[in-house]
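Heads up: the structure comes next, in structure tokens.
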Protein chains: 2
Amino acid sequence: MNKVPGIDEIDLKIIGLLAEDAKIPYTEIAKKVYVSGGTVHVRMKKLEEMGVVLGSSLKIDYSKLGYDISAFLGIYLEKSSLYNQVAEQLKNIPEIVSIHYTTGNYNIFVKMYCKDTNHLKDVLHDKVQKIDGIERTETLITLEETLNRTIKFQ
Amino acid sequence: MNKVPGIDEIDLKIIGLLAEDAKIPYTEIAKKVYVSGGTVHVRMKKLEEMGVVLGSSLKIDYSKLGYDISAFLGIYLEKSSLYNQVAEQLKNIPEIVSIHYTTGNYNIFVKMYCKDTNHLKDVLHDKVQKIDGIERTETLITLEETLNRTIKFQ
DNA sequence: GTTGAAAAATTCCGCCG
DNA sequence: CGGCGGAATTTTTCAAC
């Protein structure tokens, strides 16, 4: 399997189980992994201190909250050295949930959620396109999301 | 704000808080939102039944587990009607964590994690490229991920 | 890594506005 | 009916081994 110093099979199993549902009680994890509840607690604390586990979050169906459009944005910069500066501005746009500096076609790649096509148009036109250093953008609208999981380590 | 039937400000605040850290105790959420712990519990149960909240998961630093490469894959299909068929095959590749059917440049857009460039090459060559119906792919390697949050509703 | 016990949170239910 | 409060149950958390 995976060779990472300081992390063993048990740690990976714990992470694997909690990645699917972060609210499973440690006592239940303990049974499945054949250790005591206290050990699961100690392991998780270690993993958090190591920075392997960064926290937990809710899985949310955005469309049920009125955010019907999930889209990716490929951004071309005028100069790739502008990344940090442009990323700072992108952070201020609440519709944007992740920002990636990438090799390949685009310089920056961004994921965002919008309520509808008008909202998307507004964000693009009034917020993204106004940022200095952005040459042009390309929009990929997600029509269907088939999968959304965490990687399997076991 | 947002008009979604059956969901009010309090629900959105609860979701907002738990989206940042799914393990905050309901009693603590209750204090911040000025309702009782029982009410937070009832609200969350309602949101889960409505399918707004799909569950919870761990935020994991994949690089600390030896998965140093996060990449996107833009996939061109021979015919876009092949989506379901190809998506089924992609699901069987454990390195792939999300699959999107998109408008724009690519037909399918995929996110994946690999240990290193060799691992990435293997996945592309031995797994992805072997799938029937895929014309060609384009790889965008993430050099830096600046942001990863859930959308702010409040 | 385990155990056990104190502290805290969850969860459920009857009551009230 | 939605929200509250309290009580039983479960979980978390921590110290000693």
Side-chain angles (χ1 to χ4, degrees), chain A residues 1-67 150 152-154, chain B residues 1-61 64-66 149-150 152-154:
Chain A
M1 230 306 312
N2 215 1
K3 267 279 122 298
V4 182
I7 293 172
D8 65 10
E9 283 292 306
I10 294 178
D11 293 322
L12 292 176
K13 276 188 193 159
I14 294 172
I15 292 175
L17 288 164
L18 288 172
E20 276 174 42
D21 181 357
K23 299 214 78 176
I24 300 175
Y26 288 180
T27 48
E28 203 173 311
I29 304 280
K31 280 181 227 157
K32 296 191 184 178
V33 184
Y34 306 110
V35 293
S36 74
T39 298
V40 176
H41 184 251
V42 171
R43 300 274 191 143
M44 279 301 289
K45 205 172 156 191
K46 175 193 74 179
L47 290 167
E48 280 167 19
E49 277 164 8
M50 288 173 75
V52 173
V53 171
L54 302 170
S56 56
S57 70
L58 285 190
K59 290 185 232 169
I60 293 166
D61 184 339
Y62 288 97
S63 71
K64 292 239 167 73
L65 286 174
Y67 284 74
T150 33
K152 279 267 142 292
F153 305 105
Q154 290 92 298
Chain B
M1 230 310 308
N2 215 1
K3 266 277 121 306
V4 182
I7 293 172
D8 65 11
E9 284 291 308
I10 294 177
D11 293 322
L12 291 177
K13 275 187 194 160
I14 294 172
I15 292 175
L17 288 165
L18 289 172
E20 278 175 41
D21 181 358
K23 299 215 77 176
I24 300 175
Y26 287 0
T27 48
E28 204 174 310
I29 304 281
K31 280 181 227 156
K32 296 193 183 176
V33 185
Y34 305 111
V35 293
S36 74
T39 299
V40 176
H41 183 250
V42 171
R43 299 276 190 141
M44 279 300 289
K45 206 172 156 192
K46 176 192 75 179
L47 290 167
E48 280 167 19
E49 276 164 9
M50 289 173 75
V52 174
V53 172
L54 302 171
S56 55
S57 70
L58 284 190
K59 291 185 230 167
I60 293 165
D61 184 338
K64 292 240 168 73
L65 286 174
R149 63 184 175 200
T150 33
K152 278 267 141 293
F153 306 104
Q154 289 90 300

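Every heavy atom of this structure was used, including side-chain atoms; hydrogens, water molecules and symmetry mates were not. Every chain is numbered from 1, with letters handed out A, B, ... down the list of sequences.
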**OP:** Measure from CE on B/Met44 to C1' on D/dG2 and round the result to the nearest Å.
**Re:** 18 Å
Original post:
What integer distance in Å separates A/Tyr26:OH from D/dT13:P?
Top reply: 7 Å
Original post:
Side chains of B/Ser56 and A/Asp21: do they bring a donor and an acceptor to under 3.5 Å?
Top reply: yes
**OP:** Grab the two heavy atoms, one from B/Val4 and one from A/Gly66, that are nearest each other, plus how far apart they are.
**Re:** CG2-N, 4.0 Å
**OP:** Run the salt-bridge test on B/Lys23 and B/Glu28 with the 4.0 Å N-O cut-off and return the result as yes or no.
**Re:** no
Subject >> N-O pairing of B/Glu20 and B/Lys59 below 4.0 Å >> reply: no
Subject >> Heavy atoms of other groups near A/Lys45 NZ, more than 12 under 6.0 Å >> reply: no
Original post:
Is there a side-chain contact between B/Leu18 and B/Tyr26, using heavy atoms and a 4.5 Å cut-off?
Top reply: yes
**OP:** Find out whether A/Met50 and A/Ile7 are in side-chain contact, i.e. whether some heavy atom of one side chain is under 4.5 Å from a heavy atom of the other.
**Re:** yes
**OP:** Kindly assign one of parallel, tilted or perpendicular to the pair A/Tyr67 and A/Tyr62, based on the angle between their ring planes and the thresholds 30° and 60°.
**Re:** perpendicular
Protein and nucleotides 3-7 of chain D: nitrogen or oxygen contacts under 3.5 angstrom:
unit_1	atom_1	unit_2	atom_2	d
D/dG3	OP1	B/Arg43	NH2	2.4
D/dC4	OP2	B/Ser36	N	3.0
D/dC4	OP2	B/Thr39	OG1	2.8

**OP:** Provide the start and end nucleotides, 5' to 3', of the part of DNA chain C that has atoms under 4.0 Å from heavy atoms of chain B.
**Re:** C/dA9 to C/dC12
